[in-house]
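In what follows, every heavy atom counts, from backbone to side chain, and hydrogens, waters and symmetry copies are set aside. If you read the sequence from its start, that first residue is 1, and numbering goes on from there.
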Amino acid sequence: HVQLAESGGGLVQAGGSLRLSCTASGSTFSSDFMGWFRQAPGKEREFVAAIRNENRYYGESAKGRFTISRDNVKNTVYLQMNSLKPEDAAIYYCAAGRGGVWSRNDYDLWGQGTQVTVSS
């Protein structure tokens, strides 16, 4: 009934840019936190960015390079990724939650993920 769907992943050269999109179907964002996480093979799922109303939050790996934004009319959240590095390669997941910002346990709705590959 309510689901999140990511898009925009792909292959990009180091130093390039990508914009990821996450669209919520059958719901509105309201006051929920909308977050981006990423997970590379053999590594833990890592917090990247989150947004609630006008407030934005970033993980250390994202600061200065990534920007999160949202369009409530379109029920879509975006992640603009610039100056990409090989270590940014991962599956990127969109998530929705209410209780907190930083932990994967704060989110209870997840998309299927979109693959980002960065070549050097």
Side-chain angles (χ1 to χ4, degrees):
H1 194 192
V2 180
Q3 58 183 284
L4 306 176
E6 304 95 334
S7 63
L11 174 64
V12 65
Q13 192 174 36
S17 299
L18 283 174
R19 188 181 72 165
L20 307 183
S21 299
C22 172
T23 298
S25 301
S27 68
T28 59
F29 289 160
S30 184
S31 60
D32 287 349
F33 288 96
M34 297 296 300
W36 287 96
F37 288 75
R38 68 187 186 186
Q39 189 164 24
K43 304 189 71 175
E44 298 293 325
R45 190 167 297 188
E46 176 189 11
F47 173 80
V48 178
I51 186 168
R52 182 185 183 185
N53 297 326
E54 301 297 322
N55 300 311
R56 294 168 172 82
Y57 311 84
Y58 295 99
E60 289 298 322
S61 63
K63 290 180 179 178
R65 300 188 300 128
F66 296 180
T67 303
I68 189 170
S69 61
R70 66 192 293 170
D71 185 330
N72 288 330
V73 174
K74 298 180 179 179
N75 281 334
T76 300
V77 62
Y78 305 95
L79 183 68
Q80 178 67 45
M81 304 187 295
N82 299 325
S83 302
L84 283 163
K85 308 172 182 178
E87 52 262 44
D88 294 318
I91 300 176
Y92 283 72
Y93 297 92
C94 177
R98 190 181 72 254
V101 180
W102 309 105
S103 172
R104 62 183 295 180
N105 295 322
D106 293 320
Y107 300 84
D108 48 29
L109 282 174
W110 294 84
Q112 82 288 346
T114 185
Q115 177 71 54
V116 172
T117 304
V118 184
S119 62
S120 60

Cluster check Leu11, Leu84: I/L/V/M/F/W/Y, side chain < 4.5 angstrom: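 No, separate clusters.
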Cluster check Met81, Tyr78: I/L/V/M/F/W/Y, side chain < 4.5 angstrom: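 Different clusters.
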Measure the spacing between [atom1] of [X] and [atom2] of [Y] and express it to the nearest 0.5 Å.
X	Y	atom1	atom2	result
Thr67	Tyr58	OG1	OH	4.5 Å
Arg56	Ile51	CZ	CD1	4.0 Å
Ile68	Asn55	CD1	CG	11.5 Å

Set of residues satisfying ring pair (Phe, Tyr, Trp, His ring centres under 6.0 Å) with respect to Tyr107, sequence neighbours excluded: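 Once residues adjacent in sequence are excluded, the partners of Tyr107 under the ring pair (Phe, Tyr, Trp, His ring centres under 6.0 Å) criterion are Phe37.
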Counting N and O atoms only, with roles assigned by atom type, does the side chain of [X] sit under 3.5 Å from a partner on the main chain of [Y], one being a donor and the other an acceptor?
X	Y	result
Asp71	Lys74	yes
Arg70	Thr76	no
Gln115	Gly9	no

Least distance between heavy atoms, Tyr93 atom then Gly111 atom: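 In terms of heavy atoms, the two residues are closest at CD2-O, 3.7 Å.
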Non-hydrogen atoms of Phe47 and Val101 that approach each other most closely: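 In this case the closest contact between Phe47 and Val101 is CE1-O, 3.3 Å.
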Verdict with reasoning, Gln112 to Gln3, per side-chain contact (heavy atoms from CB on, under 4.5 Å): CA-CA 9 Å; Gln112 82 288 346; Gln3 58 183 284; over 6 Å; no
Selection residues 34-49 - residue pairs positive for side chain to side chain donor-acceptor pair (under 3.5 Å), sequence neighbours left out: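 Sorted result for residues 34-49: Arg38-Glu46, Arg38-Ser61, Arg38-Asp88, Arg38-Tyr92, Gln39-Arg45, Glu46-Ser61.
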Sequence-distant partners of Glu60, side-chain hydrogen bond (donor to acceptor under 3.5 Å, both in side chains), two or more places apart: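 Residues passing side-chain hydrogen bond (donor to acceptor under 3.5 Å, both in side chains) with Glu60: Lys63.
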Distance-only donor-acceptor pairs under 3.5 Å for side chains of residues 14-22, two or more places apart:
{"unit_1": "Ser17", "atom_1": "OG", "unit_2": "Asn82", "atom_2": "OD1", "d": "2.8"}

Worked check of side-chain contact (heavy atoms from CB on, under 4.5 Å) between Leu79 and Val48: CA-CA 9 Å; Leu79 183 68; Val48 178; 4.1 Å; yes
Residues Met34, Leu4; criterion side-chain contact (heavy atoms from CB on, under 4.5 Å); working and verdict: CA-CA 10 Å; Met34 297 296 300; Leu4 306 176; 4.2 Å; yes
Partners passing salt bridge (charged side-chain N to carboxylate O under 4.0 Å, His left out) against Glu87 (at least two apart in sequence or in another chain):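 For Glu87, no residue satisfies salt bridge (charged side-chain N to carboxylate O under 4.0 Å, His left out) once neighbours in sequence are set aside.
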Residues in side-chain contact (heavy atoms from CB on, under 4.5 Å) contact with Ala89, at least two apart in sequence or another chain: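 So Ala89 forms no side-chain contact (heavy atoms from CB on, under 4.5 Å) with any residue.
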